[in-house]
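Worksheet: the structure to be examined is printed underneath.
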Protein chains: 2
Amino acid sequence: MKSDRIRNMEELANVSGISRPTLSKYFNDPESVRNSTRKKIEEALETYHYRPNIYAMNQNRRLTKNIGIVVPYLADPFFAEIARVIENLVIEGGFRPILLSSHGDTQQEIENLNSLQSIRPAGVLMAPLGRSSDIAAAERFCAEVPTVLFDNSIGDLGEAFFGLDNPQSVGIMVEYLCQTGEPPVFFEMKTPTNPNAYKRRNSYIETMERLGQTPQLIQVDGDTWDFEQIGYQGGLETIQRRKLSSNTVLCSNDRLAIGFLAAAYECGLRVGRGNSFALRVAGHDDHPYARFTCPPLTTVAQDYAAIATKSVEAILSLIESEERAVSRVTTLFSGKLIERASA
Amino acid sequence: MKSDRIRNMEELANVSGISRPTLSKYFNDPESVRNSTRKKIEEALETYHYRPNIYAMNQNRRLTKNIGIVVPYLADPFFAEIARVIENLVIEGGFRPILLSSHGDTQQEIENLNSLQSIRPAGVLMAPLGRSSDIAAAERFCAEVPTVLFDNSIGDLGEAFFGLDNPQSVGIMVEYLCQTGEPPVFFEMKTPTNPNAYKRRNSYIETMERLGQTPQLIQVDGDTWDFEQIGYQGGLETIQRRKLSSNTVLCSNDRLAIGFLAAAYECGLRVGRGNSFALRVAGHDDHPYARFTCPPLTTVAQDYAAIATKSVEAILSLIESEERAVSRVTTLFSGKLIERASA
DNA sequence: ATCATAATTTTACGCGCGTAAAATTTTTGA
DNA sequence: TCAAAAATTTTACGCGCGTAAAATTATGAT
């Protein structure tokens, strides 16, 4: 290894015998140069260890190779997991993922979008906060940057949307619960931030009515992202004040269900399906921890992989086409019933 | 609002009547210009909406305002939580956090470091993978970029280290368990990737011996970051093959404990403290979900906030001083016993 | 060997900003 | 009111790369 370090493309051009513009071309797409030159470049690269300066690259490129990923709350394993998958797909696609979490905060989401805008990303994948998103700000952003929404949709923003088919997923769960025991009550937050929550509520009501049952909502307070805590507190009150009109509880999401299970445990209610159990509890999403609750949580699995894959594919093809989507397409994936011991 | 957009500092200089170099100074530190000029600039900024081009800024600055944050596994709520706190502190300090997860993968960690290096961050906060880190690569990185390690330490890398005092934290837990019931067995992974795990094992053994007890290790297989799954599988085997020589189990971390609890539940063992329970299970870390397990998990809380705060303070003062640490300081924080129902 | 084609090199310019030094203006304090 | 100090402007250069057009060279099929 020759000692002196290569500080820029110019110097690499000198030692490799390849001209700087050709090197520039190589770094943008190794396949775009002749085989023999590629070989020379890669040999030089091995002995000299050089990486182009990202800032200089991005300053001059019309489009950067950055793809922003914005999630509402990264400390939620659901989003952590889907972000992980998306990150990998973005890298495979030859782009650089920039992961930002809004930490459940409106201001932070706006800040994230501003921050992204000054990075001039080629595209952005965004799961918005939902009800507490600043729609005007998001609109301005989407006008500037090709954006694909996932998980939940606000307004008609973005070039496309990929998410769960809530009516379907809640439907099969309600049907399952009705067929295998008592019809469920629906346990949820009173004013959830996530639009999916409203869809789930409505779908619960519709399915119950379709099955000739009377829907019953238990709505608890809470406006943070500490869903387990909210589920726990609300669960305690619900159980202690005997508000349960059924022995079966369908929670709007798994995190609420995890909290509810903790409350049921504390109250001495045995959760499970069958005569020896006092309560059935089901969740929704197939949260990474759902299989490790006590008892393991019956739930509806979202197809993480499909949502991630299709979202990335969409943004990549948008970027490649260099134009905006003709029309905004909404793609919904079916949920899959996961039968476990809790219901 | 005048219609035409400001495209660069030059144009802002024209419309604001302030010279470009002064604007440059303002954006680097608004306090560094005269009050009257600051006012003028901010007025212009309100009507024209301009943000400096990050790439051009960082290309020319000797030091960027970027601070890298590398965690081994972001889908682990522990790291998600500590990363969240660190991010906020970094922003408060006037820097831009760049959050990267190694996803439990050696190659990804190296890639993260490479990626960071080409960003020329002012400093980096890193929680390494541990045993599976590429120490040589990390060493090269630390030689180039001021780096502060947290959570776990490999070699003598970095300018400083902030983490948990494992001997203390495991010590108080073992003492607590011994005083309130049978001495615990220690449930852990056979070959954990995290150096802390070894410290905990040793501390368990030492404390037990100090208390005149016979240490007993239950070591289960697994080399992924799916700790709950590993704890669950290992727990099932342990319980079914009656390998438990005590009714008290101390798990090396909460995620293993969560899996173990699931296994105990499946086997019909009631977990808790007192005569009516078959098993006591304790964890370690006070994982965000520990309070919602059934039963709620007795554990030792790490002082997230302290570790995050001190780590950020350390890197910020290093950056400000513009030189490397005189000597590598290790700061360990005490754990705090959290008594819950599981043990 | 010959020529059309593709790849590369040369040349030249620009991106948007940091930064340094010298010249100028404003502020401060006596 | 005036000189010293502080802030600002002017001037000038450079950072490392993208990119376009023209000139040159290599490739590959006939």
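So you know, we letter chains A, B, ... as the sequences are listed, proteins then strands, and number each from 1. The basis for the numbers below is simple: all heavy atoms, side chains too, and nothing from hydrogens, waters or symmetry mates.
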F78(B)-Y304(B) aromatic ring centre distance below 6.0 Å: yes
Nearest atoms (heavy-atom pairs only) where L99(A) meets A83(A): CD1-CB, 4.0 Å
Per-nucleotide protein contact string for nucleotides 10-23 of chain C (B base, S sugar-phosphate only, - none; heavy atom under 4.0 Å): BBB-BBBBBB----
Contact summary for I67(A) and L125(A), nearest pair of heavy atoms: CG2-CD1, 4.3 Å
Whole-Å distance separating the CD1 atom of I41(B) from the C1' atom of dT8(D): 11 Å
Length of the CZ-P vector between R38(A) and dA7(C), whole Å: 11 Å
Which atom of R131(A) lies closest to which atom of P195(A), heavy atoms considered: N-CD, 4.2 Å
Rounded interatomic separation in angstrom, taking NZ from K39(A) and P from dA7(C): 18 Å
Under 4.0 angstrom between S36(B) side-chain N/O and dT26(C) OP1 or OP2: no
Validation row, ring centre Y50(B) to ring centre F27(B) under 6.0 Å: yes
Can you give me the N/O atom pairs linking the protein to nucleotides 3-6 of chain C at distances under 3.5 Å, or say none if there are none?
none

E81(A) side-chain N/O to P77(A) backbone N/O, donor-acceptor pair under 3.5 Å: no
Closest approach of T64(B) to A122(B) (non-hydrogen atoms, all atoms of both residues): O-CB, 3.3 Å
F95(B) six-ring centre to K65(B) NZ/CZ under 6.0 Å and within 45° of normal: yes
